[in-house]
Amino acid sequence: MNDDEIVRALKNGREDGLEALIDKYASYVGTIIRRIILPSMSENDAEELASDVFIAVWRNPKKLTGDNLRPYIAAAARNKALSCLRTAKQWHPIEEELITADGDFENEADRRLLAEALSAALKEMEAPDREILVGTYYYCRSLKETAFELGITEGAAKTRLFRARERLKKILTERGIVYEN
């Protein structure tokens with residue numbers, strides 16, 4: 001079945017639509033979820049979350065179209081995984097992954113202060129800015145992948161990323177964190 005046929009079957013409550021959806025998108029949904037929750041959570045958790053995504057789509061197919069099925073499923077998978085991490089209190093602060101003390105800082109105290117400043121600055125930012133920065137840098141996704149996850153064009157993602165970096169730089173500069181080449 002193609003996406004239009006899958007959506008039609010889901011909207012009519014046909015189980016073959018759900019089966020086709022799972023057959024076509026199971027690995028895609030699993031990949032999105034694993035990128036977010038592993039290694040914090042188990043493979044079983046990833047499989048359970050994938051099932052939850054498909055059940056949610058099965059129960060509420062009203063907004064689906066053949067054109068938005070893939071992005072809709074991607075967003076649902078991302079949201080389920082992030083929600084699960086938050087609920088399980090497994091959310092790792094972004095600074096642990098982005099900041100390393102490999103010679104860039106004289107000591108651990110400097111690294112910790114910078115990590116705290118970065119975390120506070122990200123919390124202060126608007127959700128779209130935070131999402132593009134976290135998706136691109138924290139999850140090490142390409143701009144194309146991040147754009148797809150957010151349901152925007154690659155050009156829009158590039159513009160949003162540029163503006164988000166400028167806002168982050170401004171916030172950090174205002175707090176006395178100065179970037180030096």
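Since we're looking at a predicted model, the values are computed, not measured.
Residue D4 comes nearest to G66 through the heavy atom pair OD1-CA, 3.0 Å, listed as atom of the first residue, atom of the second, then distance. Annotation for V29 and A77: closest pair CG1-CB, 4.0 Å, computed over non-hydrogen atoms. In terms of heavy atoms, M1 sits closest to E5 at CA-OE1, 3.2 Å. Between L64 and V57, the shortest heavy-atom contact is CD1-CG1, 3.6 Å. Between A121 and I171, the shortest heavy-atom distance links the atoms CB-CG2, 3.5 Å.
Residues meeting the side chain to side chain donor-acceptor pair (under 3.5 Å) test with N60, sequence neighbours left out: none. For R165, the side chain to side chain donor-acceptor pair (under 3.5 Å) partners at least two apart in sequence or on another chain are Y137. Shown here are the salt bridge (charged side-chain N to carboxylate O under 4.0 Å, His left out) partners of E124, two or more places apart in sequence or in another chain: R175. Applying the salt bridge (charged side-chain N to carboxylate O under 4.0 Å, His left out) criterion to R163, with sequence neighbours excluded, gives no partner residue. Applying the salt bridge (charged side-chain N to carboxylate O under 4.0 Å, His left out) test to D16 and every residue at least two apart in sequence or in another chain returns R14. Applying the side chain to side chain contact (heavy atoms under 4.5 Å, CB included) criterion to K24, with sequence neighbours excluded, gives D3, I6. Judged as a side chain to side chain contact (heavy atoms under 4.5 Å, CB included), and not counting sequence neighbours, E19 has no contacts. Here K144 pairs with nothing under the salt bridge (charged side-chain N to carboxylate O under 4.0 Å, His left out) rule; sequence neighbours left out. In this structure E15 satisfies the side chain to side chain contact (heavy atoms under 4.5 Å, CB included) test together with W58, sequence neighbours excluded.
Residue pairs meeting the salt bridge (Lys or Arg N to Asp or Glu O under 4.0 Å) criterion with at least one partner in residues 57-80, sequence neighbours excluded, are absent.
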Which donor-acceptor pairs under 3.5 Å do side chains of residues 154-161 form with protein atoms, sequence neighbours excluded?
residue: T159; atom: OG1; partner: G155; partner atom: O; Å: 3.1

Show me, pair by pair, the donor-acceptor contacts under 3.5 angstrom made by side chains of residues 43-55, not counting sequence neighbours?
residue: E43; atom: OE1; partner: R34; partner atom: NE; Å: 3.2
residue: E43; atom: OE2; partner: R34; partner atom: NE; Å: 2.7
residue: E43; atom: OE2; partner: R34; partner atom: NH2; Å: 2.6
residue: D45; atom: OD2; partner: S42; partner atom: N; Å: 3.1
residue: D45; atom: OD2; partner: S42; partner atom: OG; Å: 3.2
residue: S51; atom: OG; partner: E47; partner atom: O; Å: 3.2

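Expressed to the nearest 0.5 Å, how far OG1 of T136 lies from CD of E131 amounts to 11.0 Å. Between the OH atom of Y25 and the CD1 atom of I32 there is a distance of 10.5 Å, given to the nearest 0.5 Å.
Side-chain atoms of N68 come within 3.5 Å of backbone atoms of T65 as a donor-acceptor pair (strictly under, hydrogens ignored). Listed for the D129 side chain is no donor-acceptor partner under 3.5 Å among the backbone atoms of M125.
Taking the side chain as every heavy atom from C-beta outward, L21 and L69 approach each other to under 4.5 Å.
Cluster annotation: L122 is not connected to F162 through the hydrophobic network of ILVMFWY side chains, with a link wherever side-chain heavy atoms come within less than 4.5 Å.
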Check: Which is it for E174 and K170 under the side chain to side chain contact (heavy atoms under 4.5 Å, CB included) test, yes or no, and what are the steps along the way?
Finding: CA-CA 6 Å; E174 289 171 354; K170 181 180 178 195; 3.1 Å; yes
